[in-house]
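Quantities reported herein were computed from a predicted structural model and do not represent experimental measurements. For the numbers below, each heavy atom of this structure counts, side chains included, while hydrogens, waters and symmetry mates do not.
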Amino acid sequence: MRTPILAALLSLVGLPALACETFTIGNLMIEHAWSRATIGAERPGVLYVEITNTGSADDALVGIATPVAGMPMLHETVVTDGVASMPHAMSVPVPAGQTVALAPGGYHGMLMGLTTTLKEGEGFPVTLTFRDAGEVTVPVEVLSMRAEGPDCEHAGQ
Amino acid sequence: MRLTTFQKALWAAAGLACLAYGTWVLVADPATPPRAEAAFRPVFSLPDAEGRIRTEADFAGKHLLMFFGFTSCPDVCPTTLSEVAQVMDDLGSDADKVQPIFISVDPVRDRRLGLAAYTSAFHPAILGLAGDEVQTRAAAESFHIYFERQDDPAAPDGYTMSHSPALYLIGPDGDWLRQFAYGTPASDILNDLRSRL
């Protein structure tokens with residue numbers, strides 16, 4: 001008899017949003033993986049995530065992969081002399097003891113060749129490949145097109 | 001070596017072409033930001049999603065919040081349009097005194113992908129305009145903004161766009177008032193607008 005009550009209570013409280021969970025691989029903490037909803041699948045999607053390196057050795061994010069995009073790539077938005085461009089980033093440094101954010105206006109994953117529309121409230125997995133720590137797959141929460149980041153109590157953005 | 005008259009003429013033409021190109025490069029410096037000169041009144045004449053030509057004169061009496069971008073832009077454009085949407089929501093009853101306008105620098109593809117559905121997903125007040133190459137260049141030059149197609153085999157359709165990412169504020173009489181650099185928080189834009197309305 002207790003289980004239905006517990007389940008009902010849990011559903012009232014609500015589960016924490018996917019983007020607010022923390023995942024670890026080695027000395028790396030992965031948090032706040034989110035994306036923006038898309039209209040259809042013709043335009044590229046985006047991936048944002050925060051990585052904290054609690055270790056004493058530098059690492060680097062060297063690749064991303066996801067079943068929702070045929071060609072995901074790391075990019076960096078650069079504003080030079082008042083002009084924004086988006087060069088490819090071969091890797092994103094994750095220095096020892098620091099938090100690196102793939103966040104609006106900076107590094108981001110560009111999800112080209114979407115295989116599906118990214119719908120608000122849904123999620124998809126992304127596999128992050130680090131030079132030293134290896135691979136970790138984390139869930140990405142799709143927020144609204146207007147979102148500027150996940151609404152987590154401990155979120156830094 | 002003796003040059004024939006024809007060869008001399010060719011060399012002279014080549015020299016002139018180099019000079020002209022150099023002058024053009026200097027004059028068309030893409031990094032030059034708009035200057036807050038008296039009565040700098042940028043203009044545009046571009047079709048909306050329904051094909052109606054819209055110009056700055058249509059919005060006389062309103063403040064215009066102008067942005068040049070493209071809808072296949074995954075980072076800069078959604079971030080800025082999100083801020084514009086937040087500003088429009090926060091303006092409340094003053095929202096009808098401000099017209100946000102998104103001018104496509106990638107008009108052919110944006111019309112194909114659907115401009116109105118994109119802008120209205122951020123905020124129904126945002127008006128999307130997408131002209132032809134000549135209309136788009138004319139608007140960009142009038143605003144002193146820069147955009148360029150960049151071939152990129154890895155990008156969708158084989159190209160992406162680099163562009164000036166700032167927001168531009170035009171006053172009710174058409175005067176260029178100021179720009180908000182990319183990344184200006186919505187609250188700062190809101191406070192600036194409120195002080196003018």
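- Across every non-hydrogen atom of B/Tyr146 and A/Val83, the tightest pair is CD2-CG2, 3.3 Å.
- Residues A/Val79 and B/Pro165 form a side-chain contact, since some pair of their non-hydrogen atoms from C-beta on lies under 4.5 Å apart.
- If you measure heavy-atom distances from B/Ala166 to chain A, you find no contacts under 4.5 Å at all.
- Rounding to the nearest 0.5 angstrom, the gap separating the OG atom in A/Ser85 from the NE2 atom in B/His163 is 9.0 Å.
- Counting only heavy atoms from C-beta outward, the side chains of A/Arg146 and B/His123 approach each other to under 4.5 Å.
- With a threshold of 4.5 angstrom between heavy atoms, B/Phe147 does not approach chain A through any atom at all.
- Interface remark: B/Gln86 contributes backbone and side-chain atoms alike to the contact with chain A (heavy atom separation under 4.5 Å).
- For a residue to count as touching a neighbouring chain, one of its non-hydrogen atoms must lie under 4.5 Å from one of that chain's; by this rule B/Arg112 touches chain A with the side chain only.
- Contact between A/Arg36 and B/Asp75 at its shortest, heavy atoms only, is NH1-O, 4.1 Å.
- Contact annotation for A/Met145: both backbone and side-chain heavy atoms come within less than 4.5 Å of a heavy atom of chain B.
- Side-chain atoms of B/Pro74 and A/His75, non-hydrogen and from C-beta on, never get closer than 4.5 Å to each other.
- The candidate from B/Thr71, B/Val76, B/Thr160 with the greatest count of non-hydrogen atom pairs under 4.5 Å with chain A is B/Thr71.
- At least one side-chain heavy atom of B/Pro156 sits less than 4.5 Å from a side-chain heavy atom of A/Met110.
- Residue A/Ala147 touches chain B through its backbone alone, counting heavy-atom pairs closer than 4.5 Å.
- Inter-residue side-chain proximity for B/Asp152 and A/His88 is flagged as met; some heavy-atom pair is nearer than 4.5 Å.
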